[in-house]
Protein chains: 2
Amino acid sequence: MSIDVAEELRRVGLRATVPRMKVLSFFLDEQQRHFTAEDVCRQVADEKLNISFGSIYRVLQQFVDAKILRSGTLHSTKIVYELNNGPEHDHAICMSCGKIEEFYDPVFDARQKEIGESVGFLVVGRQLVLQGYCVKCRATAPKPTDNAKG
Amino acid sequence: MSIDVAEELRRVGLRATVPRMKVLSFFLDEQQRHFTAEDVCRQVADEKLNISFGSIYRVLQQFVDAKILRSGTLHSTKIVYELNNGPEHDHAICMSCGKIEEFYDPVFDARQKEIGESVGFLVVGRQLVLQGYCVKCRATAPKPTDNAKG
DNA sequence: TTGTCTGCAAAAGCTTTGCATGAAT
DNA sequence: ATTCATGCAAAGCTTTTGCAGACAA
């Protein structure tokens with residue numbers, strides 16, 4: 001795994017340092033896809049290796065610039081990072097357990113262009129997060145009152 | 001104007017204090033609709049009256065709780081507040097000048113429910129911001145390269 | 001009077017940055 | 001050897017909170 005990530009790093013013009021390789025390996029290995037800087041720092045540093053918060057933030061931002069990662073905000077104001085592989089998508093987040101589902105809907109793409117035109121905007125992107133309750137949380141605590149907007 | 005806001009405040013169970021009346025009056029008077037706490041503090045305090053940041057934040061949050069205001073994040077990570085009047089809507093923001101347009105689209109409402117079902121979520125709300133360029137900025141600096149996601 | 005609110009200032013939470021040491025090429 | 005990256009710690013920025021004095025009812 002080390003060789004792969006080292007080459008990938010050099011490919012995008014970054015030196016193959018330990019923190020960078022650890023962070024990239026972490027994203028490539030995990031089943032989960034969405035992590036905050038704190039998540040990454042905790043997971044990457046636990047193996048007796050100390051990697052500072054400053055480096056984590058710097059590396060994550062460099063990876064976003066290099067299109068290795070994408071960043072955004074989902075739950076709170078914390079920045080969430082995910083691998084920039086696979087197709088464009090939006091997110092649905094469970095307000096009870098935090099579970100995140102990704103989805104892609106062509107209807108949104110089409111409508112956002114039309115809506116932009118109706119208000120005189122050339123739309124080039126969007127930030128869309130659906131808030132709700134996943135199957136499991138609906139079963140255990142079905143409380144579909146109106147918590148959020150919409 | 002003072003009488004109105006004082007009564008409105010008491011109606012929602014809040015004492016009619018100077019900071020609260022000033023803040024509410026500010027939102028009611030302005031043509032613009034979207035303000036950060038810093039915006040409000042700057043605008044409300046300039047008239048020789050000193051209102052602290054602490055109070056601004058407390059009052060804004062109380063107004064959100066009382067359904068007088070709505071809050072969310074549009075541009076940055078700063079919280080943006082708007083009057084909770086008129087219908088539900090989403091926002092389009094110009095990435096060049098910051099201009100904000102509000103819109104409502106029933107297609108989104110319908111689709112978000114269907115999408116939720118397809119991933120097993122009961123969707124109760126959403127956070128949607130379209131990013132683009134307004135008419136004016138398209139005219140002066142038409143640079144529709146791919147800055148943002150989508 | 002009584003309970004609430006304010007201004008001040010300090011703290012909290014997340015992220016960024018300066019700097020000297022240390023590592024990659 | 002040179003250039004760049006790291007760890008540490010301090011600062012930045014937005015928002016929250018504790019507290020004593022002040023105000024609304």
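Labels below follow one simple rule: chain letters A, B, ... track the order of the sequence lines, proteins then strands, and each chain is numbered from 1.
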note: A:Leu60, atom CG; D:dT6, atom C1'; distance rounded to Å ~ 15 Å
pair B:His91-B:Gln127: side-chain heavy atoms closer than 4.5 Å = no
Could you walk me through whether A:Arg10 and A:Glu7 pass the salt bridge (charged side-chain N to carboxylate O under 4.0 Å, His left out) check?
-> CA-CA 5 Å; A:Arg10 294 199 197 89; A:Glu7 288 182 358; 5.8 Å; no
Write down the distance between CZ (A:Phe53) and C1' (C:dA12), rounded to a whole number of angstrom.
-> 14 Å
Which residues share a side chain to side chain contact (heavy atoms under 4.5 Å, CB included) with B:Arg15, sequence neighbours left out | B:Thr17, B:Arg20
Expressed in angstrom and rounded to an integer, what is the separation of A:Gln61 atom CD from C:dT15 atom C1'?
-> 10 Å
A:Thr17 side-chain N/O to C:dA24 phosphate OP1/OP2 under 4.0 Å = no
OP1, OP2 of C:dC5 versus side-chain N and O of B:Arg20: anything below 4.0 Å?
-> yes
Would B:Asp39 and B:Gln43 count as a side chain to side chain donor-acceptor pair (under 3.5 Å) if you check the C-alpha gap in whole Å, the side-chain angles of each, and the deciding distance to 0.1 Å?
-> CA-CA 6 Å; B:Asp39 294 334; B:Gln43 301 284 334; over 6 Å; no
Please state whether the rings of B:Phe108 and B:Phe103 are parallel, tilted or perpendicular, taking 30° and 60° as the class boundaries.
-> tilted
Earlier contact from the 5' end, DNA chain D, for B:Ala16 and B:Gly54 = B:Gly54
Nearest-nucleotide check on DNA chain D, A:Gln62 vs B:Lys78; residue mapping nearer the 5' end is A:Gln62
Quick one: B:Ile51 CD1 to C:dC8 P, roughly how many Å, whole number?
-> 11 Å
Separation of D:dT17 C1' from B:Ile56 CD1 (nearest whole Å) | 16 Å
So which nucleotide from D:dT3, D:dT15, C:dG7 ends up closest to the side chain of A:Arg15?
-> D:dT3
Does A:Arg58 have a side-chain nitrogen or oxygen under 4.0 Å from the phosphate oxygens OP1 or OP2 of C:dT15?
-> no
Side-chain N or O of A:Tyr57 less than 4.0 angstrom from OP1 or OP2 on C:dT15?
-> yes
Please state whether the phosphate of C:dT6, meaning OP1 or OP2, lies under 4.0 angstrom from any side-chain nitrogen or oxygen of B:Asn50.
-> no
Round to a whole Å and report the spacing from OH of A:Tyr81 to C1' of C:dC14.
-> 10 Å
Per A:Leu14 side chain, nearest of listed nucleotides C:dG7, D:dG7, D:dA5 | D:dA5
D:dA25 C1' sits how many Å from B:Met21 CE, rounded?
-> 13 Å
Taken to the nearest whole Å, NZ/B:Lys22 to P/D:dA24 is 14 Å
